[in-house]
Amino acid sequence: MERGLRLSPQEKERMLSQFETQVTQVLNWLASFSPDEEGGITRLLYTEGWLETQLALSAKMASYGLSAAFDNVGNLFGKLQGEDLDAPSIITGSHIDTVVQGGIYDGAYGIAAGLLALDYLRQTYGKPKRTLEIVSLCEEEGSRFPMAYWGSGSVVGKRNFEQIVHLQDLNEVFFADAMHRCGFGEGTGSDSRRHDIGAFIEVHIEQGAVLEKEGIAVGVVDAIAGQRRLKFEVNGESNHAGTTPMHMRRDALEGVSMMIQTLRQEAIRLGPPLVATVGRLQVQPNVPNVVPGKVIFTVDARHANGQALDSFCRWVLQEFASIADERQLELHGTEWFREEPVPMNERLKGHLDDVCGSLSISSKRMISGAGHDAQMFEHICPTAMLFVPSRRGISHSPEEYTEPRELAVGVLVLTELLYRLGYEGEEL
Ligand code: HGY
Ligand code: MN
Ligand code: MN
């Protein structure tokens, strides 16, 4: 028996051109919130811009005929109630927060795609069998506080309020204070932990260049790479830049520059899929005529294999320690974030392959080097991810871009999959 929307080529084209226009409108609308005057979007958790965006999205969801509600950490759900009240929900969505000066697609596209898919299905087919929901997850990036996946982690039970008690941002604002100021926190609204989710599907830009290079429209994510995020503090001795001979210095920044070079060389030697990045570096006292006495920096390492990732991190700690010893520098290293590689659900991947085939949309299986909320949901329910191309693979940058037609294809594939799961009751 043929499954799904059973679209004629004309109907498919009509849907694609409708989605093309709509998804561009929604993304440009979302991008009008929290623009960064230096370029791009900076929408950090529990800031005014973040709250303004979530509140506007809540009204938008209601205008699409969904019942919108926040949970107690600020995740925003839009629900299209199904006939079967006992059936678990099928949820789609992504994160509303961004990196600093990020693009308009990372996270936001998954929310826009879900909104449009649910709107089309509600208008065309009415009430689904299973409840369908779109979620705007409050935080994924870890850009403001040393905590990532706060939104999805709270839903699946991997994050809780005890974990954030001592957390502060770079301006020493406490996580809990920022959360309470936005009206969220323990005892406000419904508990974020959910036990009624049947499946989670995330639509996202690839943030890499594979699909573009191979001319393929959709990536079906096989697995999401594991991550380790480390923070290092190196202490030397601040001293006068003019009167301190080179051989008498304990220059923290010189030692760290050697550590960074060595890290990069080893990551290149070991080769893909390992990647390692020093993304944040703070020099103290950070003035031109003082030998730096202290440097704080981060290492972000990724790999599709957890053991390989751990052995690389062990090497990093040993190598950095010997570089510090050679220079009489003090080294303190902590791992503040760890996620294991997560394979996506086989049955849902099969559904996505079948949907792309039935819509004559080119697709390929691929690993995600980027982390995503989907890797949290896979802990509690069947989860799948689909990618659309990123121009020149650029992301986490104002240069992030995906063609409207490519975005529309992702919305169409999501719509077809949600129809099969929500209306035809396809097996999860
Ligand atoms: O860093 C990541 O992989 C994701 O964008 N949070
Ligand atoms: Mn991101
Ligand atoms: Mn993302």
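We count ligands from 1, going down the list as the structure has it; atoms in each ligand are counted the same way. Numbering of residues begins at 1 and proceeds along the displayed sequence.
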> Does Glu233 come within less than 4.0 Å of Lys294, counting only side-chain N to carboxylate O?
yes

> Identify whether the distance between the nearest side-chain nitrogen and carboxylate oxygen of Asp354 and Arg420 falls below 4.0 Å.
yes

> Looking at Lys60 and Asp119, does any basic side-chain N land under 4.0 Å from a carboxylate oxygen?
no

> Between Arg130 (side chain only) and Glu426 (backbone N and O only), is there a donor and an acceptor less than 3.5 Å apart?
yes

> Against His372, only a single residue in Tyr149, Phe200, Phe387 fulfils ring-ring contact (aromatic ring centres under 6.0 Å, His included); can you say which?
Phe387

> So which N/O/S atom does His396 have closest to the Mn ion (ligand 2)?
NE2

> So does Asp106 get a backbone contact from the side chain of Glu400, meaning a donor-acceptor N/O pair under 3.5 Å?
yes

> Which pair of non-hydrogen atoms, one from Pro398 and one from Gln101, has the smallest distance, and what is that distance?
CD-O, 3.2 Å

> Between Arg228 and Phe312, is NZ or CZ placed under 6.0 angstrom from the six-membered ring centre and within 45° of the ring axis?
no

> Identify which protein N/O/S atoms are less than 2.8 Å from the Mn ion (ligand 3).
His95 NE2, Asp106 OD1, His204 NE2

> Using heavy atoms and a cut-off under 4.0 Å, could you grab the residues that are in contact with ligand 1, chain by chain, numbers ascending?
Glu140, Glu141, Arg229, Arg302, Ala370, Gly371, His396

> Is Lys364 salt-bridged to Glu214, going by a charged N under 4.0 Å from an acidic O?
yes

> Within the 3.5 Å criterion, strictly below it, is a donor on Gln54 or Ser136 matched to an acceptor on the partner's side chain?
yes

